Chemist: 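I'd like to ask you about the structure that follows.
Keep in mind that what you see is a predicted model, and the values were worked out from it rather than measured.
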Amino acid sequence: MCIEFYTVRRGDSLFTIARRLGTTEEELIRLNEGIEPENLQIGQRICVRSDDRETVSCPFGSVPYSIVAGDTLARIAMRFSTTVDSLLSSNPDIDPYNLQVGQRICIAQPIGALPPCPYENFYVIRRGDTVRSIAAAFEVEQREILTANPGLVPTNLQVGQVICLPLAPSPIEIIINIGAKRLTVYRNGRVYRQYVVATGKEETPTPTGVFTIINKQVNPGGPYGTRWMGLSRRGYGIHGTNDPSSIGNAASNGCVRMFNEDVESLFDITPVGTVVRILP
């Protein structure tokens with residue numbers, strides 16, 4: 001039974017899909033009987049993971065990969081531009097001399113250069129931003145932002161540049177309604193933004209309760225899309241997706257998924273320490 005789908009987008013090929021999701025063209029063909037690799041259609045849904053193989057829960061920042069015939073750790077490392085040491089670090093229980101076809105391992109995704117933010121509280125510069133406007137939005141002093149970012153030139157901010165934000169009481173509160181598949185942002189007690197989300201499947205439900213954002217990550221890649229915001233409930237977070245067709249459904253392994261453009265918008269207004277209330 002297929003437990004994860006991917007929707008074909010413009011420019012996709014089986015090779016690019018397999019590379020993005022940490023699998024192989026052979027595995028995708030196996031999971032999609034009758035698929036025509038040279039005739040993929042935009043909007044076509046293909047299976048990328050089934051429950052007939054050994055499963056593994058990969059940690060944040062890594063994606064699962066299914067071993068195929070002929071694989072060695074060296075070949076896998078070369079294919080995914082990583083190292084054997086990194087693969088062994090991500091898979092401490094693996095026997096590198098006895099890989100099994102169908103065995104699933106975790107592959108750490110390369111992360112772009114990020115500033116050394118001590119609290120993992122990042123912000124991505126957008127068009128029109130100034131140090132003054134960012135400071136006002138997060139209710140901190142301009143000098144605190146400059147102190148947190150040695151070498152930052154206030155008159156030369158670049159769109160897409162990642163900077164550190166100091167910790168401060170968050171003006172934001174997030175409420176997620178699992179039943180309605182809605183994430184609502186409150187700013188100073190008033191509705192500020194709303195987004196459609198995907199939540200956990202019946203067998204892997206999204207936890208309910210009151211949590212906080214404890215870390216943020218830019219471009220984690222794979223099934224986490226373009227942004228990650230980790231919750232104080234270990235192993236759960238709010239993140240983007242590589243399967244936009246899942247949004248609005250009970251489709252995740254417990255995390256809250258968003259369209260990438262939506263999670264990027266939410267990421268930039270949500271500091272570490274923000275309260276997240278998840279309702280049934």
Side-chain angles (χ1 to χ4, degrees), residues 1-9 12-38 40 44-111 198 200-205 217 219-225 228 230 234-237 239-243 245-246 250-255 257:
M1 181 181 70
C2 188
I3 58 176
E4 185 174 344
F5 290 90
Y6 174 85
T7 302
V8 175
R9 296 177 290 185
D12 274 341
S13 67
L14 277 194
F15 173 78
T16 60
I17 295 170
R19 181 67 181 268
R20 185 181 303 133
L21 301 182
T23 185
T24 65
E25 295 174 81
E26 293 84 357
E27 177 70 357
L28 293 179
I29 291 172
R30 185 190 74 83
L31 293 174
N32 297 273
E33 184 177 353
I35 192 172
E36 299 180 36
E38 306 303 324
L40 299 182
Q44 179 181 356
R45 278 166 57 86
I46 63 174
C47 180
V48 296
R49 187 159 65 95
S50 70
D51 62 359
D52 63 341
R53 295 288 184 98
E54 177 189 356
T55 60
V56 61
S57 179
C58 289
F60 165 65
S62 63
V63 295
Y65 170 78
S66 295
I67 301 294
V68 297
D71 268 345
T72 65
L73 287 191
R75 289 180 179 177
I76 296 170
M78 183 177 297
R79 184 180 306 150
F80 290 95
S81 302
T82 186
T83 65
V84 171
D85 284 344
S86 176
L87 292 175
L88 291 172
S89 176
S90 297
N91 303 274
D93 299 325
I94 195 173
D95 180 352
Y97 304 105
N98 189 31
L99 300 181
Q100 303 295 315
V101 172
Q103 179 182 359
R104 292 173 69 82
I105 64 173
C106 298
I107 299 178
Q109 296 292 284
I111 303 298
K201 302 187 289 285
E202 182 178 354
E203 61 271 28
T204 54
Q217 180 65 61
N219 295 329
Y224 303 108
W228 163 275
R234 182 177 175 83
Y236 294 89
H239 60 79
T241 184
N242 56 11
D243 183 12
S245 66
S246 68
S252 79
N253 289 326
C255 288
R257 292 182 190 171

Chemist: Side chains of Ile35 and Leu40, heavy atoms from C-beta outward: is any pair under 4.5 Å?
Modeler: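 Yes, side chains in contact.
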Chemist: What residue among Asp71, Ile67, Asp95 forms side chain to side chain contact (heavy atoms under 4.5 Å, CB included) with Gln103?
Modeler: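 Going through the options one by one, the only one that passes is Ile67.
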Chemist: Of all residues at least two apart in sequence or in a different chain, which pass the side-chain hydrogen bond (donor to acceptor under 3.5 Å, both in side chains) check with Arg45?
Modeler: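 Partners of Arg45 by the side-chain hydrogen bond (donor to acceptor under 3.5 Å, both in side chains) criterion, ordered by chain and then number, come out as Ser245.
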Chemist: Within this structure, what is the CG-CG distance for the pair Leu99 and Asn91, rounded to the nearest 0.5 Å?
Modeler: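 Taking CG in Leu99 and CG in Asn91, the distance rounds to 9.5 Å.
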Chemist: Can you see which heavy atom on Ala198 is nearest to which on Ser246, and at what distance?
Modeler: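 Closest approach of Ala198 to Ser246, heavy atoms only: CB-O, 3.3 Å.
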Chemist: Any non-hydrogen side-chain atom of Leu28 less than 4.5 Å from a side-chain atom of Tyr6?
Modeler: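 No; the side chains remain at least 4.5 Å from each other.
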Chemist: Taking all atoms of both residues into account, what is the closest heavy-atom pair of Lys201 and Ala250, and its distance?
Modeler: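 The answer is CG-O, 3.7 Å.
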Chemist: Between atom OG1 of Thr7 and atom CG of Asn242, what is the distance when rounded to the nearest 0.5 Å?
Modeler: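 Interatomic distance, Thr7 OG1 to Asn242 CG, rounded to 0.5 Å: 10.0 Å.
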Chemist: Using side-chain heavy atoms (C-beta onward) and a distance below 4.5 Å, is Ile94 in contact with Leu87?
Modeler: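 No, side chains not in contact.
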Chemist: Anything under 30° is parallel, anything over 60° is perpendicular, the rest tilted; go ahead and classify Tyr224 against His239.
Modeler: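 Perpendicular.
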Chemist: Using modelled atom types and a 3.5 Å cut-off, is there a donor and acceptor pairing between side-chain atoms of Thr16 and backbone atoms of Ser13?
Modeler: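 Checking the backbone N and O of Ser13 against the side chain of Thr16, a donor-acceptor pair under 3.5 Å is found.
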Chemist: For a quick test of reading the model, state the closest non-hydrogen atom pair linking Cys255 to Gly235 and the distance between them.
Modeler: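 Result for this residue pair: SG-O, 3.9 Å.
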Chemist: With sequence neighbours left out, write down each residue that passes salt bridge (Lys or Arg N to Asp or Glu O under 4.0 Å) with Asp243, or none if nothing qualifies.
Modeler: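 By the salt bridge (Lys or Arg N to Asp or Glu O under 4.0 Å) rule, Asp243 matches no residue at all.
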Chemist: Taking C-beta and beyond as the side chain, do Gln100 and Asn98 meet within less than 4.5 Å on heavy atoms?
Modeler: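 Answer yes - side chains close enough.
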Chemist: Mind checking side-chain hydrogen bond (donor to acceptor under 3.5 Å, both in side chains) for Asp85 and listing every partner two or more places apart, or none if nothing turns up?
Modeler: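 Counting only residues at least two positions away or on another chain, Asp85 forms no side-chain hydrogen bond (donor to acceptor under 3.5 Å, both in side chains).
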Chemist: For a quick test of reading the model, state the closest non-hydrogen atom pair linking Pro37 to Ile29 and the distance between them.
Modeler: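 Pro37 and Ile29 have their closest heavy atoms at CG-CD1, 4.2 Å.
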Chemist: Are the side chain of Asn32 and the backbone of Cys47 linked by a donor-acceptor contact shorter than 3.5 Å?
Modeler: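 A pair under 3.5 Å: yes.
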Chemist: Looking only at heavy atoms, which two atoms of Val84 and Ala77 are closest? And how far apart?
Modeler: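 So the two residues come closest at N-CB, 3.8 Å.
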Chemist: Answer whether the closest heavy-atom distance between the side chains of Ser252 and Tyr236 falls below 4.5 Å.
Modeler: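 The answer is no; the side chains never approach within 4.5 Å.
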